[in-house]
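Counting starts at 1 for both ligands and their atoms, in listed order. These numbers were taken from a predicted model, which means no experiment stands behind them.
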Amino acid sequence: MTTIAWRTSRRKNFTRTSASIPRRLVREGKWYLLPAYALARTSDLAREGMENSGSFRFADHIYRAKPGGRYGIGWLLDALFLALPASRSMRERHLHSRLHIATALRRGDVQGESVRVLSVPCGIARDLVGGANDAGLGTPWPVAHARLIGMDLDPEALALSRSLAGRDGTFEFIEGDALDASSYPRELDLVVSTGFGEFLDDDDLTRFYAACLSALKPGGRFVTSGMSRSKLADRLLRELAELHTRYRDAEALRAALGKAGFTDIVVHSDRYGLQSLATAVRPAGTP
Ligand SMILES: C[S@@+](CC[C@H](N)C(=O)[O-])C[C@H]1O[C@@H](n2cnc3c(N)ncnc32)[C@H](O)[C@@H]1O
């Protein structure tokens, strides 16, 4: 029991507090949102968002971009939600991580050097598996030189990641707390993180970034993102799913990375203007 309480206290992405969202809407006099709530529940994406706000399944559904839902209308609504700029923009952060993973793996392959990559928290580690596939396109996959590690607090996410990765010995999935620097594997070349910082306050974000920094080799790279507010998506997520996101623009992200000790910070906006996509480097000589 202690373990469950310990885990629950460190889960940073479940922001829903009401036992029943419809009851809360009525209590707050927002009964006019009830039909929207009932309709939205036919979409797989919206239902997952409402039942488990901020879950790895919610993020993965957006990255996979395959609509699913009940009674036809649910499928259509799901396709509509997936086409919103906010969803397309979340996919951009996933592609940003994948691109850096593939680039690091290709570079390691060309230089004949081993490459150690961590995705934290990995959720369903589609970034690692996708990045590995992207790097291996057209050539035999350079298994011998790569170690792709996913870390998450949730054993279910780790089991789903293992089955996505298949029997490939290149991958390793470990249970660990992203806010505890001692949980991390060391001597990493690349750390990627999406969908976590958005649930952390500024102090925890600095702690998290500092843990990522200390797990990297000097010269190692950190790849992450921050989200800006999309009015429509924010309203839907707040009212219907109680998903409360910490929005941070490029400047805020740059400041947080700098505070944790990173240098060579580059932040650019995705094409929808909703995600800030960042890379940063662990300088030589950091303790
Ligand atoms: C929204 S998902 C994002 C996962 C993935 N990076 C992505 O972009 O899909 C957030 C993940 O954070 C994990 N998580 C929450 N708090 C954590 C913590 N303190 N340490 C490790 N994992 C945590 C959850 O189990 C979940 O898998």
query = What orientation do H268 and H96 show, parallel under 30°, tilted 30 to 60°, or perpendicular over 60°?
reply = perpendicular
Numbered in order shown, the ligand 1 atoms found under 4.0 Å of a heavy atom of D154 are 25 (O)
*Are the side chain of E198 and the backbone of F196 linked by a donor-acceptor contact shorter than 3.5 Å?*
yes
Measure the distances from the heavy atoms of D177 to every atom of ligand 1 and state whether one is below 4.0 angstrom.
yes
So is G195 polar-close to ligand 1, meaning N/O to N/O under 3.5 Å? no
Side chain or backbone, does Y63 bring an N or O within less than 3.5 Å of an N or O on ligand 1?
yes
### Message
Quick check against the 3.5 Å criterion: does R248 have a side-chain atom that pairs as donor or acceptor with the backbone of S276?
### Response
no
* Short N or O distance, F56 and ligand 1, threshold 3.5 Å exclusive -> no
Is it the case that the side chain of D78 and the backbone of G68 share a donor-acceptor pair, with hydrogens and angles ignored and the cut-off at 3.5 Å? yes
Heavy-atom proximity to atom 13 (C) of ligand 1, picking from L160, V192, D152, points to D152
One finds that the ligand 1 atoms under 4.0 Å from a non-hydrogen atom of G176 are 20 (N), 21 (C)
Indicate yes or no: does an N/O atom of I124 lie under 3.5 Å from an N/O atom of ligand 1? no
Note: ligand 1 atoms sitting under 4.0 Å from heavy atoms of G123 are 4 (C), 27 (O)
Exercise for review: Give a yes-or-no answer on whether the side chains of D177 and S183 include a donor-acceptor pair shorter than 3.5 Å.
Suggested key: no
> Is there a chain of hydrophobic side chains (I, L, V, M, F, W, Y, each step under 4.5 Å between heavy atoms) that links L45 to L274?
Replying inline: no
Notebook entry, point to check: Short question: side chain of R221, backbone of H100 - any donor-acceptor pair under 3.5 Å?
Noted result: no
Within the structure, does S55 bring an N/O atom to less than 3.5 angstrom of an N/O atom in ligand 1?
no
Quiz item: If you measure every N/O of T194 against every N/O of ligand 1, is any gap under 3.5 Å?
Solution: yes
Logged contact type for F196 with ligand 1, heavy-atom cut-off 4.0 Å, is side chain
So for S119 against ligand 1, with non-hydrogen atoms under 4.0 Å, the contacting part is neither
H94 meets the ring pair (Phe, Tyr, Trp, His ring centres under 6.0 Å) criterion, sequence neighbours left out, with Y63
key: Under 3.5 Å donor-acceptor, S161 side chain and A157 backbone   = yes
At under 4.0 Å between heavy atoms, what of A59 touches ligand 1? The answer is side chain
